[in-house]
Amino acid sequence: MAGFAVLLLCFLAGQVASGVALVVFLLVSGTGIPMGVLSLDPVEQLVLTGGFLVSTMVLALWVVAKERRSFGSLGFTATRRVWRPLVLGAGLAVVAVTVPVLVGLVSGQFVPGTAPPVTVVSVAVLLTLLGGFVVQATTEEVLVRGYLVQVTWRKWGLYAAVVVQTVVFTLMHGFNTGFGLVPLVNLVLISLVLVFWALAEGNLWGVCAFHAVWNWCQGNVYGAEVSGLDLSATLLDIRQAPEGSALFTGGDFGLEGSLLTTLMLLVLLIGAFGVFRRRGNGTVVHPRPVSDAPTG
C-alpha cells in the first residue's frame, strides 16, 4: 500500500500546486473563477499544466532518496535512438486526433469556425503551450504507466497492474466537465493503449510523446475541449455543427468523448497489443519490464 500512498501524495501535490497557482492568477488578474467549462488563455494554460511538475519533483525525490534508484528507472531507459519513439509517438498522436476530426467534418458533425491569423508570435505561443503539455503528459505517464505499474506488477502481477493503472488513470479524469459513458470508455481504451505500448517498448518515451501531442492537437491545434478544458489559443477552430450530435463530437468533454475517437482508439489498441504480444514471444505471461526497477 506504500506505493499507492506515494502515488496519491505526488498526484495531490501537483493538483494542489496547479489549482492554487491558477486560482491566484485568476484572482490577481481580475478574471475571477469561472463556473462550468473552464476556459483558459495561454498564460492560464501554462500555469495549470506547469503545476504538474511538482508531482514529478516529489516522485523523483522519493525514488532517489527513499528507494535508492535513478529517476530513469521509472521508464526512461537510455537509448542511442531516443528520437525514434518520440517521433513515432508524436506522429501517431497527430493521426489519431486528425482522423476523427476529418471524419466529423466530412459527415457534418463538425464545422470549421473562424481561424485566428497565423503569425510568428502565435506559432511561438502554440509551441510554448506544447511544452506545457509535455510537462503534464509526462507527469501522468511517470505516475501511472511508470511508478504505479511497477509497484502493482511486483506485488500482484502484470494483469493486476494493467487493471489498476486503467482504473487510476480514468479516475484522474473522471471529474472533468462533460464526463459520461463515452468519455469513460475512451479513457479506459487509451489507458490500455498506452500501457501495452509502454510494455512493448520497455520505456515511456513513446507514450509521453503521444500523450503530450494528443492533448495539444485537440486543444491548441483544432480548438476542441481537452477532457473538459476549453483552450483559447488555437491554430484552427473546429466546433460542433448545429445538427451535430455530442455522441460524435464529444460535447463539452471534447474529442475524447466522441464515438469517432472510440473507433480510433480501438484500432490503436489492437496495434499496441499486437506489438506487445510479438515482443513478448507470443505470451502475455512474461512480458518485457518497463524499467530496471528492483524486484524486491
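When atom types are taken as modelled, the side chain of T170 and the backbone of T166 share a donor-acceptor pair closer than 3.5 angstrom. Q136 places no side-chain N or O within donor-acceptor distance of the main-chain N or O of G50, the cut-off being under 3.5 Å. N176 places a side-chain N or O within 3.5 Å of a backbone atom of S227 that can act as its donor or acceptor partner. The main-chain N or O of L126 is never found under 3.5 Å from a side-chain atom of N220 such that the two would form a donor-acceptor pair. Distance alone, capped at 3.5 Å, is enough to place a donor-acceptor pair between the Q150 side chain and the S73 backbone. A donor-acceptor distance shorter than 3.5 angstrom exists from the side chain of S55 to the backbone of C10, with no hydrogens or angles considered. The closest donor-acceptor contact from the side chain of S258 to the backbone of F248 lies under 3.5 Å. A donor-acceptor pair under 3.5 Å is absent between the side-chain atoms of D252 and the main chain of T177, judged by distance alone. Under the 3.5 Å distance criterion, the side-chain polar atoms of T139 are matched with a main-chain donor or acceptor of F52. The main-chain N or O of V134 is found under 3.5 Å from a side-chain atom of T138 such that the two form a donor-acceptor pair.
One finds the CG atom of L268 at 12.0 Å from the CG atom of L192 (value rounded to the nearest 0.5 Å). Interatomic distance, L61 CG to T56 OG1, rounded to the nearest 0.5 Å: 12.5 Å. The distance from atom CD of Q15 to atom CE of M172, rounded to the nearest 0.5 Å, is 7.0 Å.
A pairwise comparison of heavy atoms in G178 and P183 identifies O-CG, 3.9 Å as the closest pair. In this structure, V58 and A13 approach most closely via the heavy-atom pair CG2-CB, 4.1 Å. Of all heavy-atom pairs spanning L22 and V47, the tightest one is N-CG1, 3.6 Å.
A perpendicular orientation is assigned to the rings of H211 and F169, their planes being inclined by more than 60° (bins at 30° and 60°).
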(Q) Is there a salt bridge (charged side-chain N to carboxylate O under 4.0 Å, His left out) between E140 and R145? Walk through the geometry before answering. (A) CA-CA 8 Å; E140 291 187 359; R145 253 70 65 178; 5.8 Å; no

Q: Under the side-chain contact (heavy atoms from CB on, under 4.5 Å) rule, what do T49 and V135 come out as? Steps first, then yes or no, please.
A: CA-CA 7 Å; T49 55; V135 172; 5.7 Å; no

(Q) L59 vs L74, test: side-chain contact (heavy atoms from CB on, under 4.5 Å). Steps then yes/no. (A) CA-CA 10 Å; L59 180 60; L74 292 172; 3.8 Å; yes

Q | Chi angles and distances behind the side-chain contact (heavy atoms from CB on, under 4.5 Å) call for L48, L229 | A | CA-CA 11 Å; L48 184 64; L229 293 177; 3.8 Å; yes

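When each of Q218, Q109, M264 is tested with P100 by the rule side-chain contact (heavy atoms from CB on, under 4.5 Å), just one qualifies, namely M264. Of the options W205, W197, W216, a ring-ring contact (aromatic ring centres under 6.0 Å, His included) to F210 is made by W197 and by none of the others.
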